[in-house]
*Asks:* 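Mind having a look at this structure? Questions to follow.
Worth saying up front: this structure is predicted, and the values here are computed from it rather than measured. Order of the sequence lines sets the chain letters (A, B, ...), proteins ahead of strands, with each chain counted from 1. Note: hydrogens, waters and symmetry copies are ignored here, and every other heavy atom, side chains too, is used.
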2 protein chains.
Amino acid sequence: MKKQLSIKDIAKLSGVSTATVSRVLNDNGRFSKETREKVLSVVKEFGYSTNSVAKTLREQKSHTIGMIVPDISNEFFSSLITQIESYFFDKGISTIICNTNKDAEKEKAYLKSLDAKLVDGLICISGQEEIDETQLSRDIPIVCIDRQPKVSNNIAIVGSDHVDGGYKATKYLIDKDCKRILLLTKDNNTTSSNDRIDGYKKAIKEAHLQLDPDLVIRASSKKISKFETAQKSIEEVLSRDLEFDGIFATNDWLAYGAIQTLKKNQISVPEEVKVVGFDNDSISKYTTPSITTIHQEVNCIAEKAADILYQLMSKPGMQINEHYINVPTRLIERETT
Amino acid sequence: MKKQLSIKDIAKLSGVSTATVSRVLNDNGRFSKETREKVLSVVKEFGYSTNSVAKTLREQKSHTIGMIVPDISNEFFSSLITQIESYFFDKGISTIICNTNKDAEKEKAYLKSLDAKLVDGLICISGQEEIDETQLSRDIPIVCIDRQPKVSNNIAIVGSDHVDGGYKATKYLIDKDCKRILLLTKDNNTTSSNDRIDGYKKAIKEAHLQLDPDLVIRASSKKISKFETAQKSIEEVLSRDLEFDGIFATNDWLAYGAIQTLKKNQISVPEEVKVVGFDNDSISKYTTPSITTIHQEVNCIAEKAADILYQLMSKPGMQINEHYINVPTRLIERETT
DNA sequence: CTCATTTGAGTAATCGTTTACGCAACTATA
DNA sequence: TATAGTTGCGTAAACGATTACTCAAATGAG
């Protein structure tokens with residue numbers, strides 16, 4: 001049965017006080033070279049490592065950030081996570097990733113738990129509603145990605161310019177001579193997809209095309225994958241004999257599902273219908289035909305979010321000068337248009 | 001500036017001692033109905049929530065488990081994570097997910113950090129080497145998934161029966177009349193892929209086919225995606241004019257990459273070459289042709305792992321009776337065979 | 001040699017909980 | 001009316017670190 005060694009044990013073994021051991025380990029305060037050697041050798045020999053719970057309690061600082069994410073299996077999210085986590089790791093800060101599975105209750109619970117764990121910062125990625133930072137017991141620095149806070153007191157919001165992304169995608173289809181463009185999206189209510197839809201509408205209006213509500217499909221995605229959601233929606237649309245010559249899908253898996261369904265119905269892409277997706281997910285790159293899509297600059301978003309959060313954490317009381325940081329998107333032309 | 005309330009504040013506000021507040025909040029010990037009401041109302045009014053760092057320090061129990069995973073963007077892993085996390089969430093235990101990005105140093109650092117955070121249990125998923133549980137300062141219950149511990153003292157190892165999976169895949173190709181089956185795998189050294197290869201060899205030998213080392217491709221996957229890895233390997237194989245009529249790829253993205261590359265080279269699947277993948281990743285289901293694959297029972301693996309860990313956590317000192325829990329795989333027939 | 005300064009290290013308070021222990025005030029029993 | 005048992009709650013000691021205060025000893029300046 002292993003027993004964790006405490007700083008007291010090390011103090012006793014090195015013949016000094018706990019204060020001295022602490023000073024040596026944190027290289028903070030005064031001690032002679034000899035005591036240093038002595039303490040370090042004891043630490044090494046007996047394999048002591050500091051109890052970070054006690055350290056956190058005393059310092060009121062956990063050297064840890066929390067990250068709330070709706071779905072780690074989403075490629076865009078997992079890239080963000082990986083990069084942000086890596087950024088903070090290099091600074092000696094560890095990351096607690098909380099996967100809420102899009103469950104609002106779970107999100108609340110995790111928010112509370114992170115708060116109680118004294119995390120030094122918070123990154124909140126996407127989600128159905130605003131993030132409710134009001135229930136936090138302390139003023140924790142927060143950065144949102146593709147998400148709004150409830151009271152945007154001193155919270156930065158980083159994300160792609162989704163309106164412009166949606167606009168670019170739609171405009172591109174229009175330029176390719178599409179007249180009736182189907183908008184395919186899931187029925188969840190994230191700010192990012194709403195923005196993309198706004199971009200779509202903007203482009204349609206600007207081109208003086210008819211904004212046909214029938215062409216806007218908010219597909220229910222209960223318990224089924226995005227692919228299947230798209231499949232079902234397109235089958236349904238085809239059965240209604242609704243005419244369309246272009247599809248803007250608000251993510252690549254929807255686009256992919258749509259394309260496969262069109263194929264199955266002997267409708268050729270891009271000849272009869274052109275398709276644009278969103279996210280530049282691997283699937284868009286590797287499928288045949290490869291999917292024209294709107295690329296989000298994940299690296300840039302991750303870096304900006306991490307940078308801002310780190311600054312907020314380092315300088316308590318710092319005020320954010322820019323609340324919204326919009327990162328431009330990029331259209332990637334591929335075979336579906 | 002918000003200041004976190006402590007139990008002392010609540011005690012003062014309710015006119016009782018901290019002990020009583022604690023007893024009420026944990027419903028543990030004796031107190032009158034009136035004090036209960038009083039304390040709870042104060043708690044509600046002032047929005048107190050307990051500091052779990054202090055609680056953890058005092059209880060020597062964090063109600064938290066750690067999970068070490070090489071790559072959260074892998075679909076199999078992210079399913080495991082989601083399910084295990086959900087299992088423990090329901091039991092009031094939160095999960096810290098650590099993404100090591102396949103970096104051994106990072107893994108060590110995170111292991112140490114989780115140890116220092118006093119996690120009550122540990123799940124270690126896959127990885128290049130054995131998990132080095134010897135550097136832990138306490139006896140933390142551990143369950144490995146597709147992974148070996150360094151000293152398998154009292155550690156359960158859960159996972160698919162990869163040998164059998166590899167065998168099934170290969171045997172199936174053989175039954176479909178393939179004579180020269182290419183094995184396509186990444187050059188990383190995980191136990192699971194090694195096992196799959198063993199299964200391949202077993203099937204080949206059993207059928208008295210020639211075990212041609214040229215047919216075993218361990219593709220280098222440095223800095224490129226699995227798809228590209230497969231692409232490169234197959235191009236290379238084709239340029240060598242190596243003959244083959246079947247491919248067993250140790251995961252679905254490799255299979256997918258291989259299929260697309262064959263197509264590009266006017267080799268038809270399944271007519272000229274039949275392909276079997278592994279994992280039953282979404283891609284295998286949704287691509288055309290859909291990929292025959294070996295399904296891993298993620299739900300079952302996740303549940304078993306979680307169950308065992310939870311038991312070990314609940315009954316300290318409990319001995320594991322079964323060290324290896326092998327979950328059978330299932331072949332899913334699709335269009336590539 | 002004297003007095004001021006620097007150096008090294010110990011003492012004890014603190015962070016916010018939980019809980020063993022003790023004790024007064026009730027309640028119940030005979 | 002004693003006495004035993006129960007109930008409600010407060011006191012204080014942990015948990016394992018950090019750090020503000022001390023203070024003796026060593027060092028330096030004049």
*Asks:* Check this for me: does any side-chain nitrogen of one of A/Lys112 and A/Glu105 sit under 4.0 Å from a carboxylate oxygen of the other?
*Replies:*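 Judged by the 4.0 Å cut-off on N to carboxylate O distance, A/Lys112 and A/Glu105 do not form a salt bridge.
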*Asks:* Does the side chain of B/Ile68 reach to within under 4.5 Å of the side chain of B/Ile125, using non-hydrogen atoms?
*Replies:*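 Contact flag for B/Ile68/B/Ile125 side chains = no.
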*Asks:* Angle class for the B/Phe89/A/Tyr110 ring planes (parallel below 30°, perpendicular above 60°, tilted otherwise)?
*Replies:*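 Tilted.
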*Asks:* Indicate yes or no: at least one non-hydrogen side-chain atom of A/Asn189 is less than 4.5 angstrom from one of A/Asn194.
*Replies:*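 A/Asn189 reaches A/Asn194 side chain to side chain.
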*Asks:* Expected output is a numbered-order residue list: members of residues 39-65 of chain B with a heavy atom under 4.0 Å from any atom of DNA chain D. What is it?
*Replies:*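 Hits under 4.0 Å, by residue number: B/Leu57, B/Arg58, B/Gln60.
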*Asks:* Between the side chains of B/Glu322 and B/Lys304, is the shortest nitrogen-to-carboxylate-oxygen separation below 4.0 Å, so that they form an ion pair?
*Replies:*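 No, this pair does not count.
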*Asks:* Can you list, in residue-number order, the parts of residues 108-117 of chain B that come under 4.0 Å of DNA chain D, counting heavy atoms only?
*Replies:*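 None, since no heavy atom is under 4.0 Å.
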*Asks:* Is it true that B/Arg147 and B/Glu133 make a salt bridge, defined as a side-chain N closer than 4.0 Å to a carboxylate O?
*Replies:*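 Here B/Arg147 does not pair with B/Glu133 in a salt bridge, since their nearest N and O are not under 4.0 Å apart.
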*Asks:* So do the side chains of B/Lys38 and B/Val16 get within less than 4.5 Å of each other, counting heavy atoms only?
*Replies:*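 In short, these two side chains do not touch, never coming nearer than 4.5 Å.
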*Asks:* Would you verify whether the NZ or CZ of A/Lys44 falls within 45 degrees of the ring axis of A/Phe46 while also being under 6.0 Å from that six-membered ring's centre?
*Replies:*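 No - A/Lys44 does not lie over the ring of A/Phe46 by the 6.0 Å and 45° rule.
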*Asks:* Could you give the CD-to-P distance, from B/Gln4 to C/dC15, as a whole number of Å?
*Replies:*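 Answer to the nearest Å: 12 Å.
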*Asks:* Counting the atoms with a prime plus P, OP1 and OP2 as sugar-phosphate, which does B/Ser22 contact under 4.0 Å by heavy atoms, base, sugar-phosphate, or nothing?
*Replies:*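 Base contact - B/Ser22 has a heavy atom under 4.0 Å of at least one base atom.
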*Asks:* Does the distance from a Lys or Arg side-chain N to an Asp or Glu carboxylate O, for B/Glu129 and B/Lys108, drop under 4.0 Å?
*Replies:*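 Result for this pair is no, no salt bridge flagged.
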*Asks:* Provide, to the nearest angstrom, the distance between the NZ atom belonging to A/Lys12 and the P atom belonging to C/dA9.
*Replies:*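 In whole Å, C/dA9 P lies 19 Å from A/Lys12 NZ.
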*Asks:* Within the pair A/Asn28 and D/dT18, is there a side-chain N or O less than 4.0 Å away from OP1 or OP2?
*Replies:*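 Looking at the OP1 and OP2 atoms of D/dT18, neither is under 4.0 Å from any side-chain N or O of A/Asn28.
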*Asks:* Decide if atom NZ of A/Lys12 counts as having more than 12 heavy atoms of other residues, nucleotides or ligands within a radius under 6.0 Å.
*Replies:*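 Atom NZ in A/Lys12 is not packed in, count stays at 12 or less.
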*Asks:* Check the distance between C/dT17's C1' and B/Ile7's CD1 and give it to me in whole angstrom.
*Replies:*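 After rounding, the reported distance stands at 6 Å.
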*Asks:* Enumerate all atom pairs, one protein N or O and one N or O from nucleotides 9-11 of chain D, separated by less than 3.5 Å.
*Replies:*
unit_1: D/dC9; atom_1: OP1; unit_2: B/Thr35; atom_2: OG1; d: 3.3
unit_1: D/dC9; atom_1: OP2; unit_2: B/Ser32; atom_2: N; d: 2.9
unit_1: D/dC9; atom_1: OP2; unit_2: B/Thr35; atom_2: OG1; d: 2.6
unit_1: D/dG10; atom_1: OP2; unit_2: B/Ser17; atom_2: N; d: 2.6
unit_1: D/dG10; atom_1: OP2; unit_2: B/Ser17; atom_2: OG; d: 2.7
unit_1: D/dG10; atom_1: OP2; unit_2: B/Thr20; atom_2: OG1; d: 2.8
unit_1: D/dG10; atom_1: N7; unit_2: B/Arg23; atom_2: NH2; d: 2.8
unit_1: D/dG10; atom_1: O6; unit_2: B/Arg23; atom_2: NH1; d: 3.0

